[in-house]
Amino acid sequence: MKFIDEFRDADLAKAVINRVRRNSKRHIRLMEFCGGHTVTIMKHGIRQLLPETVEMLSGPGCPVCVTAHQDLDKAIALSREPEVIITSFGDMLRVPGSYSSLQRVRADGADIRIVYSTLDALQIARGNGDKSVVFIGIGFETTAPTIAASVMQAKEEGIENYYVLSLHKLCPPVIKALLDSGEVKLDGLICPGHVSAVIGSRPWDFAARDYGIACVVAGFEPLDVLQSVEMLVSQLEEGEPKVEIAYRRGVRPEGNLRAQELMSTVFEPSPAYWRGIGEVPESGLRLRKEYQAFDAELCFNFDPGPTLEPKGCICGDILRGVKTPLDCKLFRGACTPEHPVGPCMVSSEGSCASYYHYESL
Ligand code: SF4
């Protein structure tokens, strides 16, 4: 398969689904970690096509959604600092914090600019030497290398007004935390293809080895997901959980060594707070000592104030895989993509937004 159409071929999809139906004998619970996979599953009705024996749960793999309220509040507090320009990916602007959102403080006059890469943020820093430019660094292992590269570039060029608020999250540690919690019983995991393109498939080995969870790294087209489900069913029916790569066109077991080197040059693992999950050791990234001059958290004296979670929002439970958006009383009523109450309705990869767009009533 080389081209996109082949990954959406209806006949191939039917053949895979038939094989899954034939081979799946016992009830299993599979979690798709990534919000991108959730979108594919919802958009193409994959849940409905699978046999009743295969139950699919959505996981915490949407970086906007898992960014905790207190971290959002930090970004909002920073945006109110004098002579500060905030740069951020667009999705973050609409996510409500405790008392406001970046979008609202921008409407009140804060200088907040949407960028499409850290190169844009660096360029803004070069052109505004009298201001401090802060990049809101959210994302998983996928985005961290480019943000690391921007910090290295700033250091090399002697740009002294560029800062990163590092809210990055690392994926394998949070899966370990979910499995350790015992709250969600899983048999298999669809591992994120883009994250694994950077870290490789090996960091998932612990899940198969220590927890008996079948793992398949999958791409994001419908046939990618179906193929991963078929591979997971086979592993579980044969009683041999292991880590396999279905997304061979993007992922190698060792990952992208250059990207890993960039990441580990600038960042080191640190505890991170995940919405709905809490603090998870070694699941975040902070700037190393040599790069602390670029760390917004250390270089600014700001007070985000007390945290206030949105009343009635169950994003946290959804991100842990214990509830679905259909369990939320605000879904499609008080909470819609136009008026989101929680982050899972804001992000295009959020479960609530996916259910809103693709789940028929
Ligand atoms: Fe939160 Fe809205 Fe989702 Fe409910 S529907 S969990 S309020 S984002």
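One-based numbering, in listed order, for ligands and for the atoms of each. It should be emphasised that the depicted structure is a prediction, and the values quoted were computed from it without experimental measurement. Only heavy atoms go into these numbers, but all of them, side chains included; no hydrogens, no water, no symmetry mates.
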If you have a sec, work out which protein heavy atom is nearest atom 2 (Fe) of ligand 1 and how many Å separate them, to one decimal?
Cys335 SG, 2.3 Å
Nearest protein heavy-atom contact for atom 3 (Fe) of ligand 1: which residue, which atom, what distance?
Cys352 SG, 2.3 Å
Between Tyr163 and the options Phe302, Phe135, Phe300, the ring pair (Phe, Tyr, Trp, His ring centres under 6.0 Å) test singles out Phe300
Sub-4.0 Å atoms of ligand 1 with respect to non-hydrogen atoms of Ile318
6 (S)
Ligand-side contact atoms (ligand 1) for residue partner Met345, heavy atom cut-off under 4.0 Å
8 (S)
Could you pull out the closest heavy-atom pair between Glu244 and Gln235, with the gap in Å?
OE1-NE2, 2.8 Å
Cation-aromatic face contact Lys155/Tyr291, 6.0 Å, 45 degrees:
yes
Does a salt bridge link Lys25 with Glu237, judged by any charged N lying under 4.0 Å from a carboxylate O?
no
Going by an N to O cut-off under 4.0 Å, is there a salt bridge joining Glu32 and Arg47?
yes
Report yes or no: does Cys313 have an N/O/S atom closer than 2.8 Å to atom 1 (Fe) of ligand 1?
yes
What's the verdict on side chain to side chain donor-acceptor pair (under 3.5 Å) for Tyr162 and Ser150, showing C-alpha distance, side-chain angles and the deciding distance?
CA-CA 9 Å; Tyr162 178 67; Ser150 76; 2.8 Å; yes
Under 4.0 Å, heavy-atom basis, I'd like to know which part of Cys328 is in contact with ligand 1: side chain, backbone, both or neither.
side chain
Between ligand 1 and Cys315, can you find any atom pair, the residue atom being a heavy atom, that is separated by under 4.0 Å?
yes
